[in-house]
Protein chains: 2
Amino acid sequence: MKKVRLADVAKVAGVSMKTVSNVVHNYPHVTPEMRRKVQLAIDELGYKPNLTARRLATGKTGMIALAIPEIDHPYFSELSRYIAEEASLRGYRVLVEQTLNNLAAEQAVLNDREAGLVDGVIFHPVRMQSMDIAMLRRDVPLVLLGESTMPVTADHVMIDNVAAARDGVRHLLAQGRRRIAFLGLVAGDITGSTDQRLLGYQQGLLEAKMPLDPHLVFSAPDFSPEDSAEAVQRALASGISFDGIICRDDRFATGALHALRNAGSRVPEDVAVVGWDDTELGRWAAPSLTSIAPDKRELAATALEMLGERIDGLQGIGRHRIVSHSLSIRESAPAGAPVLL
Amino acid sequence: MKKVRLADVAKVAGVSMKTVSNVVHNYPHVTPEMRRKVQLAIDELGYKPNLTARRLATGKTGMIALAIPEIDHPYFSELSRYIAEEASLRGYRVLVEQTLNNLAAEQAVLNDREAGLVDGVIFHPVRMQSMDIAMLRRDVPLVLLGESTMPVTADHVMIDNVAAARDGVRHLLAQGRRRIAFLGLVAGDITGSTDQRLLGYQQGLLEAKMPLDPHLVFSAPDFSPEDSAEAVQRALASGISFDGIICRDDRFATGALHALRNAGSRVPEDVAVVGWDDTELGRWAAPSLTSIAPDKRELAATALEMLGERIDGLQGIGRHRIVSHSLSIRESAPAGAPVLL
DNA sequence: GATCCAACTTACAGCGCTGTAAACAACCTG
DNA sequence: CAGGTTGTTTACAGCGCTGTAAGTTGGATC
């Protein structure tokens, strides 16, 4: 089957190309008769506009790129879903790029060796610092996600990580937990995300006049549940005791759950566990995870809105938006009567 | 910052556009001196080729669309990851389209009202039947995923669902399970996927001369863990007893796990549970899920390979490829000594 | 030194669409 | 009925790149 072009339709309908184009775009000033005639030709030939040509002519691609570390990370896959939905609401299609926690891949996203592919980029960096991002001269609107430290050259959406971590700690304290651990340091994670969460953790403890024990801050070599399980196991093995733990994400919390179970600790009786991201992974864990819940829908909507404004030409330094978060309380750290120790 | 075009570089370097293009494309027959001169101009101006223009000129987009029901379904998000990786290996970028278990959205994917956006489509239908797919005249290469019933008009990759289900049943039988349930019917799921799994389930029982009890086939109103939990709970409540259950996917199995736990049944002691898809959700469930494991990497690679061949012009009727599967054995249905009942 | 060849470079016509400006038509005014 | 309006359609020049065919150059050949 040959490709049908606008010109072909025009010839068959006996009108100019532009009139066909007008019909395709539902331009109002076309006489009904003309419209009918053109539509007939379109249907007869099975004409479909060539998007690439349209893009070249208009300079708009109607596409945005979403660059995330891993598409199958529960948080990112859920976030992707909302971004995809919000994007489609606004007439955009989404091109997904995985950076796989890899610095070079992150740089490649911004360094775009090609142009004209997408109208804008939503990017969640893990390895790049905001300074690095600022250094690159870009020519595509960019919205940053995650906890990178306040870049001035791009818009940015995040939740208040300090407050969120504090909320988690408060929740544990309210149940009577007294030795609360933090699981979240990851080697090579220099985005400041962990810093902020750690800060909130400290604030939470300090405001309750609790001591700050550095032994209670665990770190893992990488982002997987396996790594986190190992970190918790090592802590347990070295005799460190704790009755609550707040984890940098649900994956980590899931790993912690496993390690605790293997060690014979009961959750939440012996140790209460708080996750982060409120993902399906945590909702269906056993016990189900209490988790800090960023409003992902709002996050996605805000990112798209800001990106849209930039695409529409808005200039100026980077704006920062905080979206709301809450605490989804489930079995691993229930609310209610404090546990007796 | 103004857009830099090929012509601008050519002017600065004092050569023709085509020579610049040759340098950009690493065309071998360019003298080193010329290459240097051009590269200098490219760097100085910060030239980036415009992909849209390139596409229009070449007719290739270098993009494929991946149309799946839900990007945040564990199976699909993991599959997406492999598809993205395999695609990038082959120089393709991936455009993700969610169909959200919605017939109209699935039709829209194939009905493409526009052309020239992608070179090919990988599509996992849930609501469309292969007849529907065959009816539509398409002009883009298409590879189907999942268990749709053997379309003749498009290539197709799947695992042997009948055999896989049978393997699951055999595994349960080998442990001494005698009342094995199947959880998988979903209203409106007409892809035949469930049919095949159900068939395998029956074959597994028959070859062991086990009776086939229709009460042991559970159905859920939709695809979520909530729905599945409810289905299992209802079965339990109505007094149906079973000591093994095989579920249409890990999400369903996760729901089943919850329902069983709430009902006080121990897994695997009282009921052994087998999931399907071998996702992270199941790997970190408690107890961790034994699950039928399609080789997702192979699935992705095969789909891309077939699509690539079609894109390169291969004609002919739809081909069908079966990729391998295995059984990932974990806590919910361990191997080893049969359970005494 | 004339001839030929291979290696390199250039000019230019598209790819299929849209925006602009201009042309044309029909309809009002006064 | 000339002149002004509004409404509708057309012609055509790009958008930025690549493929083709034609041109140029330097050196090997006899």
- Is the phosphate of D:dT18, meaning OP1 or OP2, less than 4.0 Å from a side-chain N or O of B:Ser21? yes
- Item | Lys/Arg N to Asp/Glu carboxylate O, A:Glu305 vs A:Arg321, below 4.0 Å | no
- Nearest listed nucleotide, side chain of B:Thr19, among C:dT10, D:dC17, C:dC17: C:dT10
- Task: Tell me which nucleotide among C:dC15, D:dT10, C:dT18 gets nearest to the side chain of A:Met17.
- Result: C:dT18
- Query: To the nearest Å, how far apart are B:Lys37 NZ and C:dT9 P?
  - Reply: 9 Å
- Given D:dC17, D:dT18, C:dC17, which nucleotide is nearest the side-chain atoms of B:Pro49? D:dC17
- Item | the helix from C:dG1-D:dC30 to C:dG30-D:dC1: angle between end helix axes, five pairs per end, rounded to 10 degrees | 50°
- Task: Would you mind reading off the distance between B:Glu114 atom CD and C:dT18 atom C1', rounded to a whole angstrom?
- Result: 16 Å
- Query: If each of B:Gly14 and B:Ala53 is mapped to the nucleotide of DNA chain C with the nearest heavy atom, which maps nearer the 5' terminus, i.e. the 5' end?
  - Reply: B:Gly14
- Note on the structure: From the list B:Glu86, B:Glu78, B:Glu280, B:Glu85, salt bridge (Lys or Arg N to Asp or Glu O under 4.0 Å) with B:Lys296 holds only for B:Glu78
- Query: Counting only non-hydrogen atoms, which of residues 23-34 of chain B are less than 4.0 Å from DNA chain C?
  - Reply: B:His29, B:Val30, B:Thr31, B:Met34
- Note on the structure: Of the listed C:dA11, C:dC17, D:dG16, the closest approach to the B:Leu56 side chain comes from D:dG16
- Message: Please determine whether a side-chain nitrogen of the Lys or Arg among A:Lys11 and A:Asp8 lies less than 4.0 Å from a carboxylate oxygen of the Asp or Glu.
- Response: no
Output one line per pair: protein atom, nucleotide atom from nucleotides 19-26 of chain D, and distance, for all N/O pairs under 3.5 Å.
unit_1	atom_1	unit_2	atom_2	d
D:dG19	N7	B:Lys18	NZ	3.0

